[in-house]
Amino acid sequence: MINKTEKKNERRERRRKRVRKKIIGLPNKPRVVIFKSNKYIYAQAIDDITGKTLASISSIAKELEKKLGDTIEDAKILGSLMAKKLFEKGINKIVFDRNFYKYHGVVKAFADSMRSEGISF
């Protein structure tokens, strides 16, 4: 018998695989994937061809003045910082990978913040 948590994780994994089948990151157009834990937010720009991480940001990154959490306001700050990091590397187009999350709340705030900074996807 499958309990509620196992069923939820199973659905998340199916959703993650379905999303990943459709998108791929390239060197000039990397895949930006977001992960949110119970306390923090993490994001990486990944070139799937070579398997390398081009840029990353998290709520606990050293370049931040203070630790951020997992709120929508914190996601907006991280999104703008991630956009600046990508511009420094000469990247202005990405493919956004929402992972297994629904596109709302923190995920949407992060993506909208990147768009407002000039990253197109």
Side-chain angles (χ1 to χ4, degrees):
M1 184 170 177
I2 297 176
N3 67 21
K4 193 174 181 180
T5 306
E6 288 173 348
K7 199 171 187 176
K8 181 180 174 183
N9 288 336
E10 206 174 274
R11 282 192 307 241
R12 280 182 158 187
E13 188 62 27
R14 264 190 281 144
R15 198 177 310 134
R16 187 182 67 78
K17 284 182 179 175
R18 186 175 59 234
V19 170
R20 279 289 288 129
K21 265 197 274 186
K22 297 175 187 170
I23 59 173
I24 187 166
L26 302 172
N28 59 348
K29 193 175 178 182
R31 176 174 58 96
V32 173
V33 61
I34 188 166
F35 176 78
K36 55 181 189 163
S37 68
N38 287 336
K39 289 174 116 180
Y40 304 114
I41 302 167
Y42 306 86
Q44 289 182 321
I46 302 168
D47 172 11
D48 287 324
I49 302 295
T50 59
K52 289 188 176 180
T53 301
L54 304 175
S56 66
I57 191 83
S58 72
S59 302
I60 52 175
K62 290 180 182 174
E63 62 255 21
L64 296 173
E65 295 169 6
K66 62 174 186 161
K67 276 187 183 179
L68 299 175
D70 64 342
T71 63
I72 289 176
E73 287 76 29
D74 296 339
K76 288 177 184 174
I77 294 168
L78 289 176
S80 66
L81 288 174
M82 184 69 169
K84 287 175 186 166
K85 278 188 167 187
L86 291 173
F87 275 127
E88 287 173 5
K89 303 222 179 232
I91 299 166
N92 58 5
K93 287 184 178 181
I94 62 163
V95 178
F96 188 71
D97 183 0
R98 62 183 167 88
N99 218 342
F100 49 77
Y101 305 109
K102 292 179 182 174
Y103 187 78
H104 74 109
V106 169
V107 175
K108 184 176 187 275
F110 182 84
D112 288 345
S113 177
M114 288 184 71
R115 274 195 192 108
S116 68
E117 291 291 327
I119 300 289
S120 63
F121 55 101

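Positions are given from 1 along the sequence.
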Task: salt bridge (Lys or Arg N to Asp or Glu O under 4.0 Å): pairs with one or both residues in residues 41-61, sequence neighbours excluded - done: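 Sorted result for residues 41-61: Arg20-Asp48, Arg31-Asp48.
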Task: Residue pairs, two or more places apart or on separate chains, that pass side chain to side chain donor-acceptor pair (under 3.5 Å) and touch residues 33-44 - done: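 Sorted result for residues 33-44: empty, none.
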TODO: Apply the test side chain to side chain contact (heavy atoms under 4.5 Å, CB included) to residues Lys29 and Val95: give CA-CA distance (whole Å), side-chain angles for both, the deciding distance (0.1 Å), then the verdict.
DONE: CA-CA 7 Å; Lys29 193 175 178 182; Val95 178; 3.9 Å; yes
- [ ] Would you please classify the geometry between the Phe35 ring and the Tyr101 ring as parallel, tilted or perpendicular, with 30° and 60° separating the classes?
- [x]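 Ring orientation of Tyr101 relative to Phe35: tilted.
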Between [X] and [Y] (side chain of the first, backbone of the second, donor and acceptor by atom type, cut-off under 3.5 Å), is there such a pair?
| X | Y | value |
| --- | --- | --- |
| Arg16 | Phe100 | no |
| Ser116 | Ser113 | yes |
| Ser59 | Gly69 | yes |

Can you name the nearest heavy-atom pair linking [X] to [Y], along with the distance?
| X | Y | value |
| --- | --- | --- |
| Ile49 | Pro27 | CG1-CD, 4.2 Å |
| Ala43 | Phe110 | CB-CZ, 3.4 Å |
| Ile119 | Ile91 | CD1-O, 3.7 Å |

TODO: Quick one: do Val106 and Asp70 satisfy side chain to side chain contact (heavy atoms under 4.5 Å, CB included)? Show the steps, please.
DONE: CA-CA 7 Å; Val106 169; Asp70 64 342; 5.5 Å; no
Find the distance between [atom1] ([X]) and [atom2] ([Y]) and round it off to the nearest 0.5 Å.
| X | Y | atom1 | atom2 | value |
| --- | --- | --- | --- | --- |
| Ile34 | Phe96 | CD1 | CZ | 5.0 Å |
| Lys108 | Lys76 | NZ | NZ | 9.0 Å |
| Asn9 | Lys4 | CG | NZ | 12.5 Å |
| Leu26 | Ile94 | CG | CD1 | 12.5 Å |
| Ile41 | Ile57 | CD1 | CD1 | 11.0 Å |

Anything under 3.5 Å between a donor and an acceptor, one on a side chain of residues 77-88, the other on a protein residue two or more places apart or in another chain? List them.
residue : atom : partner : partner atom : Å
Ser80   : OG   : Ile77   : O            : 2.9
Lys85   : NZ   : Ser56   : O            : 2.6
Lys85   : NZ   : Glu63   : OE2          : 2.8

Open item on the list: Can you confirm whether Lys93 sits close enough to Asn28 that some side-chain heavy atom of one is under 4.5 Å from a side-chain heavy atom of the other?
Closed with: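 They are not in contact (no side-chain heavy atoms under 4.5 Å apart), so the answer is no.
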TODO: Report yes if the side chains of Arg11 and Lys8 come closer than 4.5 Å at any heavy-atom pair, otherwise no.
DONE: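 Side chain of Arg11 against side chain of Lys8, heavy atoms only: contact under 4.5 Å found.
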Task: Same apolar cluster: Val32 and Ile72, side chain cutoff 4.5 Å - done: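 Yes; tracing contacts between hydrophobic side chains, which count when under 4.5 Å, links both residues.
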